[in-house]
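Okay, so here's the structure we're looking at.
Lettering follows sequence order; numbering is per chain, from 1. Hydrogens, waters and symmetry mates are skipped; everything else that's a heavy atom, side chains included, is used. Note that the coordinates shown come from a computational prediction; the quantities given were computed from them, not determined experimentally.
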Amino acid sequence: MLTIDQATYDAIVAHAKRDHPDEACGIVAGPEGSDRPERVVEMVNAAGSPTFYEFDSTELLELYKEMWARDEEPVVIYHSHTATEAYPSRTDIGLASEPGAHYVLVSTREHGNNEGPVEFRSFRIVDGEVTEEEVNVVAALPS
Amino acid sequence: MAIEVRIPTILRTYTGGEKAVAGNGASLSALIDDLDAGHPGIKDRLVEEKDGKVDLRRFVNVYINDEDVRFIGGLDAPLSDGDQVVVLPAVAGGSV
């Protein structure tokens, strides 16, 4: 199960809506081993594409160095699908490289940049195997 | 002195869970061969053969002293003792 606070959830959804029709991507970092998604880091989609996303390689290194310095890890890795359902594609599965992370997918296919509900789903992707998990949105993470 | 190589989570099965290992080599390809000797199988996760030529895998990023090796010679990028090498899988995907 992914437990995520409302503000972080809202930030991911807002990012996905803002970047529609391109795919938005980013991570939520948290203390290593804590499973607490605490710090949203929006990333630029270097692919700038409605069907593909990729973190810029230089920014990727900066991001990881910052996390290592803070003893953090990517607790959530999120991206949006802008014309299809919020389910990992074959590409997503093939390229998933953080077996400990929650892979969050948001689909903006219904309302695009506008107000309105989105699909927000979370998955584990390990060795090519996808397992959907429940998303528990809380007012604040337990201290 | 040797070259420190930072290993990403997904490849730590090859390093017994170690986050960083030491290696030697005057170029990135020599370093990868040296790593593979001590951690068999890791090379295949970093490089692939394309059109008869061995190259870094498209979705693996390698940095030498914070420089993406794609901009400094790829597998031929030179290395010296004390250099810091970081391996990071690309964070990428798509809807198709």
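- No part of A/Ala46 comes within reach of chain B, as not one of its non-hydrogen atoms sits under 4.5 angstrom from that chain.
- Residues A/Glu98 and B/Arg12 are not paired through a salt bridge, judged by the lack of any N-O separation under 4.0 Å between the basic side chain and the carboxylate.
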> Between A/Trp68 and B/Lys19, is a side-chain contact (heavy atoms from CB on, under 4.5 Å) present by the stated rule, with each step listed?
Replying inline: CA-CA 11 Å; A/Trp68 294 333; B/Lys19 288 182 176 180; over 6 Å; no
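- In the hydrophobic cluster analysis, where Ile, Leu, Val, Met, Phe, Trp and Tyr join through side-chain heavy atoms closer than 4.5 angstrom, B/Tyr14 is grouped together with B/Leu31.
- Annotation: A/Asn136, atom CG; neighbour count of heavy atoms from other residues, nucleotides and ligands within 6.0 Å is above 12.
- At distances below 3.5 Å, not a single donor-acceptor pair connects side-chain atoms of A/Glu54 with backbone N or O atoms of B/Gly94.
- One distance of note links OH of A/Tyr53 with OG of B/Ser95; it measures 11.0 Å at 0.5 Å rounding.
- For the options A/Ser89, A/Gly100, A/Ser107, heavy-atom pairs under 4.5 Å to chain B are most numerous at A/Ser89.
- Contact record, A/Ser97 with B/Ala90: OG-O, 3.7 Å, taken as the closest heavy-atom pair.
- Hydrophobic cluster membership differs between B/Leu46 and A/Leu95, with clusters built from Ile, Leu, Val, Met, Phe, Trp and Tyr side chains linked at under 4.5 angstrom.
- Linking Ile, Leu, Val, Met, Phe, Trp and Tyr residues whenever their side-chain heavy atoms come within less than 4.5 Å leaves A/Met43 and A/Ile12 in two separate clusters.
- For A/Pro50, the part sitting under 4.5 Å from any heavy atom of chain B is the backbone (N, CA, C, O) and nothing else.
- Heavy atoms of B/Arg6 lying under 4.5 Å from chain A belong exclusively to its side chain.
- Looking at every heavy atom in both residues, A/Asp92 comes nearest to B/Gly93 through OD1-CA, 3.2 Å.
- For A/Arg90, the CZ atom sits in a loose shell: 12 or fewer heavy atoms of surrounding residues, nucleotides or ligands are nearer than 6.0 Å.
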> Does the side-chain contact (heavy atoms from CB on, under 4.5 Å) test come out yes or no for B/Tyr63 and A/Leu60, once each step is laid out?
Replying inline: CA-CA 11 Å; B/Tyr63 308 86; A/Leu60 177 72; 3.8 Å; yes
>> Show, in sequence, the C-alpha distance, side-chain angles and deciding distance for A/Tyr64 and B/Val86, and conclude whether the side-chain contact (heavy atoms from CB on, under 4.5 Å) test is met.
In response: CA-CA 10 Å; A/Tyr64 271 80; B/Val86 173; over 6 Å; no
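- Looking at heavy atoms from C-beta onward, B/Asp66 lies in side-chain contact with A/Lys65 at the 4.5 angstrom threshold.
- To the nearest 0.5 Å, atom OG1 of residue B/Thr9 and atom CD of residue A/Glu73 are 7.0 Å apart.
- Proximity of A/Leu61 to B/Asn61: side-chain heavy atoms (C-beta onward) are nowhere separated by under 4.5 Å.
- Cluster membership for B/Val54 and B/Leu35, using ILVMFWY side-chain heavy atoms within less than 4.5 angstrom, is shared.
- Cluster membership check: A/Phe55 does not share its hydrophobic cluster with A/Phe52, using side-chain heavy-atom separations under 4.5 Å among Ile, Leu, Val, Met, Phe, Trp and Tyr.
- In the model, A/Ser57 has a side-chain atom that pairs as donor or acceptor with a side-chain atom of B/Asp68 under 3.5 Å.
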